[in-house]
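Below, chains carry the letters A, B, ... as their sequence lines are ordered, and counting in each starts from 1.
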Amino acid sequence: MQEFFEQILREKKLSCAIFDHDLVLQDWSKFLHQYCSIRIANKKIHTIWQVFPELVGMEEVVESILKQQTKKHDIEKINKYTATGKLRYYTLTLLPLADPRTGYIQLVCLIADTTTETAYEQEIQQQKYEILMLQSNLAKYGNHSSIGILGNSEKIIHVREFIKRLANVKNTTVLLQGKSGTGKNLVARAIHETSLTADGPFVEINCASIPATLLESEIFGYEKGAFTNALNSKNGLLEIADGGTFFLDEIGELPLSLQSKFLSFLEYKKFRRLGSTQENTVNVRIIAATNKDLKKAVENDEFREDLFYRLNVVATFLPDLHELGDDVIILAEHFINVYAYDFRKKIRGLTPSAREKLMAYSWPGNVRELRNVIERAIIFADGDRLDDKDLLLQEISPKPASMPGDISAIPDSGLSIAEMEKRFFFNAIRKAKGNQTKAAKLLGLSLDKFRYRMKKYNLDIKNSDGVETDIK
Amino acid sequence: MKDVVTLSKKVCMLGAFGVGKSSLVRKYVYNIFKEDYLTTIGVQIYQKSVTLKNKANQVGKSINMILWDMAHIEKFDKTIKTQILGASGAVLVFDLSRMQTFNELEEHAKRFLEVNPNSKLVFAANKIDLVDNNKLKMEQFLHLSEQYNTECLVTSAKTGHNVEKMFSVLASLL
Ligand SMILES: Nc1nc2c(ncn2[C@@H]2O[C@H](COP(=O)(O)OP(=O)(O)O)[C@@H](O)[C@H]2O)c(=O)[nH]1
Ligand SMILES: [Mg+2]
């Protein structure tokens, strides 16, 4: 092709190929090879189907262009990868043009590079579909929590197997043991949801968080007049869970006085409400969990031996996070997806140094701690991947009791006021959804003071506006 | 021995967003799989030749498949019709881990056949690696593939399960 035309075409980011009436390639611009996957050689015969396989099937269209019945035909947004792996978009246009010398109609194929416009459209669609994908994936995890128990380590596979094996045995009592934050609750839900009783209710109680005096009436219910304030009768959680699962977290905290009543329920599946003489029967699966060493509790006479053996028939230990190897990364990436979606941030994964940092840490607070660390990081990060500087890990890990929410409790290990304050800041920012003005108000501080302390606690945000606008 | 002629045939990948259309083609043509998700805009065209054996286990026919990996179709408008025009076959993909993606398929099949009435179809129940094999009830999908007189294969672009076979089944129908 004449250099003169070449230049015009290049200026407009176009390439061109001209075919004769028999659809054999006659002339082409130099840069056609950027688009075509075949090598075009001067002396060889190339048909249009070889040069543009995308026209296969469109013989009728090509025919009608040559007959000038069709004036123009476009195929838009054709994706091509360059040799260096960059994605480019092209529009292929077919036109009938008369050869100036012979007057015969030729077929002209124009290739326009539309990458700039289309890449923009791609980005918009990408955002939209990513969110839709996440939504449907999260819905999926919600429905089948056993899929939500992520990881490929042997120990996690064992946990999944354990859940699977329980799916067909309806009423066996299950005991889950593991440190705080290892996901006992999640596993309990997974057992419930994969089992035959999945359609029934899932009811839970944390024996440590309810005063011992109220536990009995909560679990077993009471009749009107059973005690001074019992103005009406009330269903116990066991009755509410009928046909489903009853999950007792921290069973080790069940008072000795209640343990025998509970054991008798396990044995006979029958119980009486407080103040009632009538026996109730329910059909529930019991799942109990504890972070205590129950065997030791038995030795110390804090837990009934017979109840322990009754519970311990089908039992498993949930592994600590630091025992799970690479699963830390799988879990971290899962939480990144969840929180990036929650906070509408476009964060996709971890940098290599962030991975290293996560792998090296001991995770005393297990999965729960990991989740909190990722949540915080997502709120503050402004890159498209989480970096090690985004991940705030504790050197001295606070015991769960010193977590915010339970301000008055001082753990045996003591606590650091600075650490507490830092956590208050973190929670305030979270509550204010990243809006610093609101967060400052929540803490009763001026914005200046608030910012000063943010810096002090290394909660420093480089681009504070970014955070305020990013989190909606 | 008689000559084997190679026929070029256009095949479209259809189905909801994120079901694995691009992944299946990439696995089939280049044997690669990527975890990250890049929404396809427009079309990407791949080529792959398949040689099919006849009953006597001789080379029966050879087909040069022109695979059109397409974007998620929100509306069957003119652009889409130009894109699917002239196709001899289509792979209709859904995601076993997101059952709602199955519901869209019948519409896709119907519209595709309106444009290309003599086309052949095959159904791909993709991402089998994500779901529990034992819980899978294939009967619920079979009515659709039976209605279109074809097969529904369980596939995974990640593990490669049935990917080759699925495309061969379609090729043999073309
Ligand atoms: N686990 C798994 N993931 C898959 C499979 N096929 C696709 N994916 C993932 O699903 C997402 C969407 O795939 P993609 O091929 O882009 O879907 P398309 O929109 O239909 O082209 C990507 O993140 C893929 O990595 C599969 O068979 N198994
Ligand atoms: Mg795609």
(request) Using a 4.5 Å cut-off on heavy atoms from C-beta on, say whether the side chain of A:Glu333 contacts that of B:Glu35. (result) no
(request) Find out whether B:Val25 and B:Lys21 are in side-chain contact, i.e. whether some heavy atom of one side chain is under 4.5 Å from a heavy atom of the other. (result) no
(message) Report which part of A:Ile78 has an atom under 4.5 Å of a heavy atom belonging to chain B: side chain, backbone, both, or neither.
(response) both
(request) Identify which part of B:Ser88 has an atom lying under 4.5 Å from any heavy atom of chain A, answering side chain, backbone, both or neither. (result) neither
(request) Quick one: which of A:Lys80, A:Glu60, A:Gln125, A:Arg348 has the most heavy-atom pairs under 4.5 Å with chain B, could you say? (result) A:Gln125
(request) Identify the residues of residues 47-55 of chain A whose heavy atoms come closer than 4.5 Å to a heavy atom of chain B, ordered by number, or report 'none'. (result) A:Pro53, A:Glu54
(request) Apply ring-ring contact (aromatic ring centres under 6.0 Å, His included) to the pair B:Phe94 and B:Phe141, showing each step before the final yes or no. (result) CA-CA 10 Å; B:Phe94 66 100; B:Phe141 315 123; 4.8 Å; yes
(message) A side-chain contact here means heavy atoms from C-beta on lying under 4.5 Å apart; do B:His161 and B:Asp129 qualify?
(response) no
(message) Between B:Arg111 and B:Glu107, does any side-chain N to carboxylate O distance fall below 4.0 Å?
(response) yes
(message) Between B:Gln47 and B:Ile66, is there a side-chain heavy-atom distance shorter than 4.5 Å?
(response) yes
(message) Aromatic contact between B:Tyr46 and B:Tyr28, with the criterion being ring centroids under 6.0 Å apart: yes or no?
(response) no
